[in-house]
**Student:** 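Once you've had a glance at the structure underneath, I'll fire off some questions.
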Amino acid sequence: MSSDLDVAHNQRLTTTGNRFKGYVVAVGASAGGLDALERFFQGLPASTGAAYVVIQHLSPDHKSMMANLLSRHTAMPVVTVEHDMKIEADRVHLIPPASMMSVSGDVLRLSPKNPRGLTLPVDHFFSSLAKEYGNRGIGVILSGTGSDGTRGSVVINDAGGFLLAQDPESAKFDGMPRSVIATGLVDAILPPEELGPRLLEHIHQLPHVKIRMPVLATEIDQDNAHEEVMHLLQHSGGINFREYKPATVMRRMERRMQVRQTPDLLNYVRLLSADRGELATLRRELLIPVTSFFRDPEAFEILSETAVKTIVAERPDNQPIRVWAPGIATGEEAYSLAILFAEAFDRARRWPNFKLFATDVESQNVEVGGAGVFSEAITAEISPERLEKFFLRRGNHFVVKTEIRQSIVFARHNLLEDPPFTRMDLVSCRNLLIYFRSEAQERALRRLQYAMAPGGFMFLGPSETLANLQSDFTAVSSKHKIYRILRHVALPLDTAIASLSRSSVTGARPRPGVRTQGVASDAAAIDAAQNLLLRSYAPTSLLLNQRHDLLHVFGDVSHYLRIGEGAVTLDLAKLLPSSLVAIAKALLYKAARDRAPLRSDVLGLSLDEKRTERLRLVARPLEPPHGEPHLLLSFETEPHLVVCTEGDGVNGGLAAAPTLSPAQIETLSLDRETAQRLETLERELAATRESLQATIEELETANEELQATNEELMASNEELQSSNEELQSVNEELYTVNAENQEKIEILNRLNADLDGMAKAASIATVFVDSQLRLTRFTPEATALFKIRDGDLGRPIDDFTNLLQYPEFLPELHRTIASGEMLQHEIDAANGRHYLARVLPYAVRSGEARGAVATFVDITTLRDVERLQAVLDSLPEHVAVLDANGVITMVNRSWGDFASENSYLSLQNSGLGTNYLDVCDLRQIADEATLREAMIGIRRVLEGKATAFSIEYPRHTVDEQRWYVMHVAPIEHPGGGVIISHINISQWSSGKNSQLES
């Protein structure tokens, strides 16, 4: 049954002003979840008003790339959560690795994950979301292994939230979706791309499914719609929800109305009439199995130290210990109690007979509890020691061990309508009474009190009280609601019998129709009159079916029926005193066979030690106009035949008993009937023996077939074991492959880092485009030429303006992609720079569509060097440029021509890269003093000790006298160096000499 989480959260919403007001969508995923997440977010627009939180099972040893991967599939910002980060609408919040995340108010809290034990981050966050946001919490379960998210989804549904799950057929790993779908609480099961639109329909309350509403046979109005829902629920499941608190029932109905987008209760009634699946869903929602092992551990610890310890210590070995746990949902509480008693038995070193009756009104819950199979989520509720001792692990599930399961009897039982169990040493009824009306609570408590043995204990939930029964109990622990009975009460027999037949005879209240008030008052008067006549004149009678099961009681039957110890039954033979059983069965058998009333001789029935009543039993067949035949057994007391053994009656020991005079009814001769019955039984016994012999022969044949089948099963089991070994081997191979993949990913990460580093080191503007000219990657230098940003990946390259004076850029990209050839041009840009543009093809894998990569190398400096060389080449002087060490770095054309024309000063000694000071042989053109002066002058200028240096020297040939001037000037640059020029001044020198001679 659901709890009041949604009420508590609504109260917090009204008192907290800064709480996030929108919906919070929690998305749980595990293995294979990346693809599902991408498809889920692709189906969502950028603006929904909701906040999204993604909880995944992430490896703590690897940096998550989820933010980068998801941002490619949604326009919403994707962030990795930090501690105390505020929730924002239209943003995707990702759980970081090695963390558990919860929500508190409007902030997300992080805590470290336990590195050893099993952690369930989806369950943890879902539970906190339900507590904080109630019906504004939405849970989505996508692909993954295991069962994480299942218990958290139950809590979200309990708080009135909305649940979605990926269709298992579309999931790469269907463990998580199938586990949550098995709860029966999921509101929609769809492929990931359809979950987003369905989510928007719920957030904005848009119509989803149009169901053709039938016209009811008796049209109802809005006021009677609630009663019609109650009637439909009781008719389909046999549970009268009128006994439950109206606010709780209405809240669950409103949640279903919100999920199915029905505007009012009247339309929802029509939907329930048309859709039986919705009716079953509503019943399950009203009976949500919200439970856990050792719920409220401190209370169970006190229960073990007080009630359980006392019961085990006081109970003799020859008497069984009996425990009853009504409303057990899926069985966790029942198994918790059984574990407490098993531990107590071990401590006391004695193991008495123990039986625990676990009951619930919902058959599906009983089946789930009886299976004793639970998900891995119970590791958060049960200690490792108890898991090891009382459970067996089977894959992702835990199975209760046989010694615990065999001590529990699971059964369907309605606490408000079915007879209670008896002689119970402990009754544990937790978190069930709070959902009943006050009258139903008192009736349930009376039944629980009746079920308890003298000195028994009662264990209630934290919000439950004993109400008017306080004086009948003493508190063992008021804080934890553990009580011990002081006064045992007897449940009135007519009340018990009436409760047994209420569901089959009385049914629900009349369904509302066109006329209700007059009919109801007339029926009440008629019922009152009939009851008066029955009490005054009619004999006490029992209505039975053909199987002699009790259906209804007329009058006071407290003298004639007894409810014995053990399981409750409606069989008349188990209810009548032993002295009346044989006569009653003979009467009923013959009356049903002959279809005529019969009565017995006068019988004596002992009422107590002092009184004996004389009466006749009368059996009458009933054949209603519609339906199967029934039987009516009456107890007709003889007038003045109630014998009082001590003479305290008013008529000398005889007390008159009013009755109707019997009609002319045949009196059954018990001896004759017994002889006939004996003959019939002997014939039936002979036939049964023959049938038994034939059955034995068939069983022998079947046994041989079963032996053959068993051998086949053994062979199949061996094959399964072999298959299991093969699967284990495959599993190990998968681990190896996974390790290899991790290594390849690491290599890829290193290569990617190398590529990024190389691109940054080269400082070359580069852009990558795919076959559709969409931008896939670029270097930082490309932003100086193209107006692009990091968020522009995926957009066409022609969407961006650029500074290139390159009109053929796009056509050449298409040409390169189509033909695979490389294209190269020198181009200018609007920023005054010059670039060498290269367009090259590239493909990730052979056979796939090619893309292109365009590089733009800045060659402005090369252009400047070429211009400087041209300037130097235009000079007639011989010019060379030396660096700071005297090495020649540049010469002009005149220098090279002069060197090649004069073999004594070859290019080898004066070319680029040679040291001018080492190889320049001035001794051929000057004396030693002049050579020394030139070397000193060059070095002084190189070292910055002189601003310039010049020297005149001869360079005569056989045919001609030539004079040169060497001028050395420093280069004003951080790199230093000098420029040397040799100027031919022969004409000046010859003119000067002529003047001197003249």
**Student:** Could you walk me through whether F391 and F293 pass the ring-ring contact (aromatic ring centres under 6.0 Å, His included) check?
**Tutor:** CA-CA 13 Å; F391 293 84; F293 282 92; 5.7 Å; yes
**Student:** Quick one: pull up CZ in F374 and OG in S147 and give me the separation to the nearest 0.5 Å.
**Tutor:**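 OG of S147 is found 12.0 Å from CZ of F374.
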**Student:** Is a side-chain donor or acceptor of S336 paired with a backbone partner of F294 at a separation under 3.5 angstrom?
**Tutor:**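 Judged by distance alone, yes, a pair lies under 3.5 Å.
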**Student:** Got a donor-acceptor contact below 3.5 angstrom from the R198 side chain to the L190 backbone?
**Tutor:**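 No, because the side chain of R198 does not come within donor-acceptor range (under 3.5 Å) of the backbone of L190.
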**Student:** At what distance, to the nearest 0.5 angstrom, does CG of L129 lie from CD1 of I156?
**Tutor:**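 With rounding to 0.5 Å, CG (L129) is 5.0 Å from CD1 (I156).
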**Student:** Apply side chain to side chain contact (heavy atoms under 4.5 Å, CB included) to H124 and S102, showing your working.
**Tutor:** CA-CA 7 Å; H124 184 71; S102 62; 3.9 Å; yes
**Student:** Would you call R295-E333 a salt bridge at under 4.0 Å N-O?
**Tutor:**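 No.
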**Student:** Do V81 and P96 make a side-chain contact, defined as non-hydrogen atoms from C-beta onward lying under 4.5 Å apart?
**Tutor:**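 Counting from C-beta outward, V81 and P96 do come under 4.5 Å.
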**Student:** Taking all non-hydrogen atoms of both residues, which atom of V366 and which atom of A411 are closest, and how far apart?
**Tutor:**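 Looks like CG2-O, 3.6 Å.
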**Student:** Checking H93 side chain against Y52 main chain: does a donor-acceptor pair fall under 3.5 Å?
**Tutor:**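 Here the side-chain-to-backbone pair exists.
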**Student:** Does the side chain of I378 reach to within under 4.5 Å of the side chain of R151, using non-hydrogen atoms?
**Tutor:**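 In short, these two side chains touch, coming nearer than 4.5 Å.
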**Student:** Kindly indicate whether the side chain of V24, heavy atoms from C-beta on, has any atom under 4.5 Å from the side chain of V103.
**Tutor:**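 When only atoms from C-beta onward are counted, V103 and V24 do not touch, as no gap falls below 4.5 Å.
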**Student:** Is it true that, when you exclude R72 itself, more than 12 heavy atoms of the residues, nucleotides or ligands shown sit nearer than 6.0 Å to its CZ?
**Tutor:**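 It does not: R72 CZ has 12 such atoms or fewer within range.
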**Student:** Write down the atom of D187, the atom of E285, and the distance for their closest heavy-atom approach.
**Tutor:**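 That would be OD1-OE2, 4.1 Å.
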**Student:** Output the distance between atom CD (Q166) and atom CD1 (I141), rounded to the nearest 0.5 Å.
**Tutor:**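 So the CD of Q166 and the CD1 of I141 are separated by 10.5 Å.
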**Student:** Do the rings of W324 and H413 sit parallel, tilted or perpendicular, given the 30° and 60° boundaries?
**Tutor:**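 W324 vs H413 ring planes: perpendicular.
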**Student:** Taking the side chain as every heavy atom from C-beta outward, state whether I203 and I138 have any atom pair closer than 4.5 Å.
**Tutor:**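 Yes, side chains in contact.
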**Student:** Salt-bridge test for E254 and R251: reply yes if a basic N is under 4.0 Å from a carboxylate O, no otherwise.
**Tutor:**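 No, E254 and R251 are not salt-bridged.
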**Student:** Would you please test V79 and E88 for side chain to side chain contact (heavy atoms under 4.5 Å, CB included) and show each step?
**Tutor:** CA-CA 11 Å; V79 299; E88 292 186 9; over 6 Å; no
**Student:** For E169 and R178: C-alpha separation, side-chain torsions, deciding distance, then whether salt bridge (Lys or Arg N to Asp or Glu O under 4.0 Å) applies.
**Tutor:** CA-CA 10 Å; E169 298 299 327; R178 289 193 185 278; 3.3 Å; yes
**Student:** Check whether more than 12 heavy atoms from other residues, nucleotides or ligands sit under 6.0 Å from atom NE2 of H235, and answer yes or no.
**Tutor:**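 No.
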**Student:** If only side-chain N and O atoms count, and only distance matters, is there a donor-acceptor pair under 3.5 Å linking S179 with T150?
**Tutor:**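 T150 vs S179: donor-acceptor pair found between side chains.
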**Student:** Could you go step by step and tell me if E194 and D167 meet the side chain to side chain contact (heavy atoms under 4.5 Å, CB included) rule?
**Tutor:** CA-CA 10 Å; E194 299 180 22; D167 185 352; over 6 Å; no
**Student:** Measure from the side-chain N and O atoms of S428 to the backbone N and O of A325, and report whether any donor-acceptor pair falls under 3.5 Å.
**Tutor:**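 No; zero donor-acceptor contacts below 3.5 Å.
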**Student:** Has E403 got more than 12 heavy atoms of other residues, nucleotides or ligands less than 6.0 Å from its CD?
**Tutor:**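 Counting other residues, nucleotides and ligands, CD of E403 exceeds 12 neighbours.
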**Student:** Do D123 side-chain atoms and G152 backbone N/O form a donor-acceptor pair below 3.5 Å?
**Tutor:**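 The answer is yes, because a donor-acceptor pair under 3.5 Å joins these two groups.
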**Student:** Quick check on the 6.0 Å ring-centre criterion: do F410 and Y335 meet it?
**Tutor:**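 Centroid separation for F410 and Y335: below 6.0 Å.
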**Student:** Carefully, step by step, assess E343 and K389 under the rule salt bridge (Lys or Arg N to Asp or Glu O under 4.0 Å).
**Tutor:** CA-CA 10 Å; E343 292 174 340; K389 187 174 182 180; over 6 Å; no
**Student:** Where is the tightest heavy-atom contact between V92 and M76, given as atom of each residue plus distance?
**Tutor:**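 Taking every non-hydrogen atom into account, CG2-CE, 4.0 Å.
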**Student:** Check G160 against R255 and note the closest heavy-atom contact, atom names and distance.
**Tutor:**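 Minimum heavy-atom contact is CA-CD, 3.3 Å.
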**Student:** Does the pair L286 and Y435 meet the rule for a side chain to side chain contact (heavy atoms under 4.5 Å, CB included), with working shown?
**Tutor:** CA-CA 10 Å; L286 291 169; Y435 304 108; over 6 Å; no
**Student:** Does any N or O in the side chain of E132 come within less than 3.5 Å of the main-chain N or O of G105, such that one atom is a donor and the other an acceptor?
**Tutor:**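 Between the backbone of G105 and the side chain of E132 there is a qualifying donor-acceptor contact (under 3.5 Å).
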**Student:** With a 4.5 Å heavy-atom cut-off, do L233 and I239 have their side chains touching?
**Tutor:**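 A side-chain contact under 4.5 Å is absent here.
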**Student:** Any luck finding a side-chain donor-acceptor pair between R252 and N157 under 3.5 Å?
**Tutor:**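 Side-chain D/A pair, R252 to N157: present.
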**Student:** Between CD of E376 and CZ of R393, what distance do you get to the nearest 0.5 Å?
**Tutor:**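 The distance works out to 6.0 Å.
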**Student:** Can you tell me how far the NE2 atom of H83 sits from the CG atom of L110, to the nearest 0.5 Å?
**Tutor:**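 Those atoms lie 7.0 Å apart.
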**Student:** Taking the side chain from S170 and the backbone from P168, do they hold a donor-acceptor pair closer than 3.5 Å?
**Tutor:**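 Side chain of S170 to backbone of P168, a donor-acceptor pair under 3.5 Å: no, none is there.
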**Student:** Does F41 reach the side chain of V54, with side-chain heavy atoms less than 4.5 Å apart?
**Tutor:**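 In contact.
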**Student:** Quick one: OG on S363 to CZ on R412, what's the gap to the nearest 0.5 Å?
**Tutor:**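 Rounded to the nearest 0.5 Å, the OG-CZ separation comes out at 5.0 Å.
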**Student:** Check whether any side-chain heavy atom of L356 lies under 4.5 Å from a side-chain heavy atom of S407, and answer yes or no.
**Tutor:**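 SC-SC contact between L356 and S407 ruled out.
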**Student:** Please check: side-chain N/O of D360 versus main-chain N/O of A329, any donor-acceptor pairing under 3.5 Å?
**Tutor:**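 Between the backbone of A329 and the side chain of D360 there is a qualifying donor-acceptor contact (under 3.5 Å).
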**Student:** I'd like to know if the side chain of T80 and the backbone of L94 have a donor-acceptor N/O pair within less than 3.5 Å.
**Tutor:**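 Answer holds: no.
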**Student:** Show the nearest heavy-atom pair for residues N68 and S71, with the distance to one decimal.
**Tutor:**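 Answer, listing the atom of N68 first, then S71: O-OG, 2.8 Å.
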**Student:** We want to know whether T330 and E332 form a side-chain donor-acceptor pair, criterion being a heavy-atom distance below 3.5 angstrom.
**Tutor:**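 Side chains of T330 and E332: pair found under 3.5 Å.
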**Student:** So, D148 side chain and V122 main chain: donor-acceptor pair closer than 3.5 Å or not?
**Tutor:**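 Present.
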**Student:** Taking side chain as C-beta onward, heavy atoms only, is R430 less than 4.5 Å from D296?
**Tutor:**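 With C-beta onward as the side chain, the pair touches.
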**Student:** Between A342 and I404, which heavy-atom pair has the shortest distance, and what is it?
**Tutor:**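 What the structure gives for the nearest pair is CB-CD1, 3.9 Å.
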